[in-house]
Peer 1: 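Sharing a structure with you now.
Below, all heavy atoms of this structure are taken into account, side chains as well, without hydrogens, waters or symmetry copies.
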Amino acid sequence: MKTIEVVAAIIRKDDKIFATQRGYGEWKDYWEAPGGKVEPGESPIQALRREIREELDTEISVDKFLTTIEWDYPKFHLTMHCYMCSLLNDALHLNEHEAARWLGVDDLRSVNWLPADDQLLPLIERELSI
């Protein structure tokens with residue numbers, strides 16, 4: 001089975017995190033933490049900053065490593081490195097996603113998360129409680 005290595009930004013602002021809704025592909029309409037594939041020669045943090053610039057036209061601070069999720073989708077194995085991040089400016093523009101929301105701890109489970117991202121919810125809930 002093919003393995004895909006990706007990064008995800010858990011962007012926190014006060015007591016909420018930024019979630020995005022996929023606008024394309026097999027998993028269209030599912031929600032996820034923004035991010036994407038790690039390109040050859042990139043570190044995960046470099047990939048994360050690049051992906052957020054491409055997807056959201058903004059800059060982030062990568063504040064700390066949260067976890068790595070390993071998940072088997074039907075067609076590939078996903079290795080997803082997840083980082084707590086914050087915005088360096090408030091400008092956000094959706095270049096690839098069809099929708100986005102700021103979700104507080106009580107709203108996290110109100111959207112239909114991608115299966116791998118769903119595994120993050122207990123960790124995000126803990127982070128938002130700190």
Peer 1: Give me the one residue out of M80, K37, H81 that meets side chain to side chain contact (heavy atoms under 4.5 Å, CB included) with E5.
Peer 2: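 For E5, the side chain to side chain contact (heavy atoms under 4.5 Å, CB included) check succeeds only for H81.
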Peer 1: Does L66 belong to the same Ile/Leu/Val/Met/Phe/Trp/Tyr cluster as W113, with side-chain heavy atoms less than 4.5 Å apart forming each link?
Peer 2: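 In one cluster with L66: W113, yes.
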Peer 1: Decide yes or no for Y83 and I45: does some side-chain heavy atom of the first lie under 4.5 Å from some side-chain heavy atom of the second?
Peer 2: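 Y83 reaches I45 side chain to side chain.
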Peer 1: With a 4.5 Å heavy-atom cut-off, do I69 and L120 have their side chains touching?
Peer 2: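 Touching, per the 4.5 Å side-chain cut-off.
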Peer 1: Is there a donor-acceptor pair under 3.5 Å between the side chain of T58 and the backbone N or O of A91?
Peer 2: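 Checking the backbone N and O of A91 against the side chain of T58, a donor-acceptor pair under 3.5 Å is found.
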Peer 1: Salt bridge or not between K64 and E127? Use side-chain N to carboxylate O under 4.0 Å.
Peer 2: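 Between E127 and K64 there is a salt bridge, with a charged N closer than 4.0 Å to a carboxylate O.
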Peer 1: Evaluate the side chain to side chain contact (heavy atoms under 4.5 Å, CB included) criterion for residues Y73 and L78: first the C-alpha distance (whole Å), next the side-chain angles of each, then the deciding distance (0.1 Å), finally the verdict.
Peer 2: CA-CA 7 Å; Y73 281 96; L78 183 76; 3.8 Å; yes
Peer 1: Between R22 and E32, is the closest basic N to carboxylate O distance under 4.0 Å?
Peer 2: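 The answer is yes: the pair qualifies as a salt bridge.
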Peer 1: Is there a path of hydrophobic side-chain contacts, each under 4.5 Å between heavy atoms of I, L, V, M, F, W or Y residues, that connects V62 with I10?
Peer 2: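 Different clusters: V62 never reaches I10 through Ile, Leu, Val, Met, Phe, Trp or Tyr contacts under 4.5 Å.
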Peer 1: Donor-acceptor pair, distance only, cut-off 3.5 Å: does the side chain of Q46 make one with the backbone of S43?
Peer 2: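 Checked: pair present.
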Peer 1: Quick one, L56 and P34 - any side-chain contact, counting heavy atoms below 4.5 Å?
Peer 2: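 Yes, side chains in contact.
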Peer 1: Quick one: does any side-chain atom of E55 pair with a main-chain N or O of I52 as donor and acceptor, under 3.5 Å?
Peer 2: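 Side chain of E55 to backbone of I52: no pair is present.
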Peer 1: Among residues at least two apart in sequence or on other chains, which ones pass side-chain hydrogen bond (donor to acceptor under 3.5 Å, both in side chains) with D90?
Peer 2: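 Scan of D90 (side-chain hydrogen bond (donor to acceptor under 3.5 Å, both in side chains), adjacent residues dropped) gives K13.
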Peer 1: Is there a side chain to side chain contact (heavy atoms under 4.5 Å, CB included) between D107 and W102? Walk through the geometry before answering.
Peer 2: CA-CA 9 Å; D107 305 318; W102 286 99; over 6 Å; no
Peer 1: At what distance, to the nearest 0.5 angstrom, does OG of S61 lie from CD1 of I11?
Peer 2: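 Interatomic distance, S61 OG to I11 CD1, rounded to 0.5 Å: 11.0 Å.
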Peer 1: Does E98 reach the side chain of Q21, with side-chain heavy atoms less than 4.5 Å apart?
Peer 2: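 Answer yes - side chains close enough.
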Peer 1: Could you go through T79 and T68, starting from their C-alpha distance and side-chain angles, then the distance that decides it, and tell me whether this counts as side chain to side chain contact (heavy atoms under 4.5 Å, CB included)?
Peer 2: CA-CA 7 Å; T79 299; T68 296; 3.8 Å; yes
Peer 1: Is a donor on one side and an acceptor on the other found under 3.5 Å between the side chain of D57 and the backbone of N95?
Peer 2: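 It does not hold such a pair.
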Peer 1: Which residues pass the salt bridge (charged side-chain N to carboxylate O under 4.0 Å, His left out) test with R53, not counting sequence neighbours?
Peer 2: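 Salt bridge (charged side-chain N to carboxylate O under 4.0 Å, His left out) check on R53 returns E59.
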Peer 1: Applying side chain to side chain contact (heavy atoms under 4.5 Å, CB included), run through L108 and D106 and close with a yes or a no.
Peer 2: CA-CA 6 Å; L108 280 177; D106 294 334; over 6 Å; no
Peer 1: If we only count heavy atoms from C-beta on, is the W27 to P115 side-chain gap below 4.5 Å?
Peer 2: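 The answer is yes; the side chains approach within 4.5 Å.
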Peer 1: Decide yes or no for D72 and H77: does some side-chain heavy atom of the first lie under 4.5 Å from some side-chain heavy atom of the second?
Peer 2: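 Side chain of D72 against side chain of H77, heavy atoms only: contact under 4.5 Å found.
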Peer 1: Are W71 and Q119 side-chain neighbours, meaning at least one heavy-atom pair lies under 4.5 Å?
Peer 2: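 Yes, side chains in contact.
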Peer 1: Do other residues, nucleotides or ligands put more than 12 heavy atoms under 6.0 Å from K28 NZ?
Peer 2: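 It does: K28 NZ has more than 12 such atoms within range.
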Peer 1: Going hydrophobic residue to hydrophobic residue with side-chain gaps under 4.5 angstrom, can you get from V111 over to L114?
Peer 2: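 Cluster IDs for V111 and L114 match.
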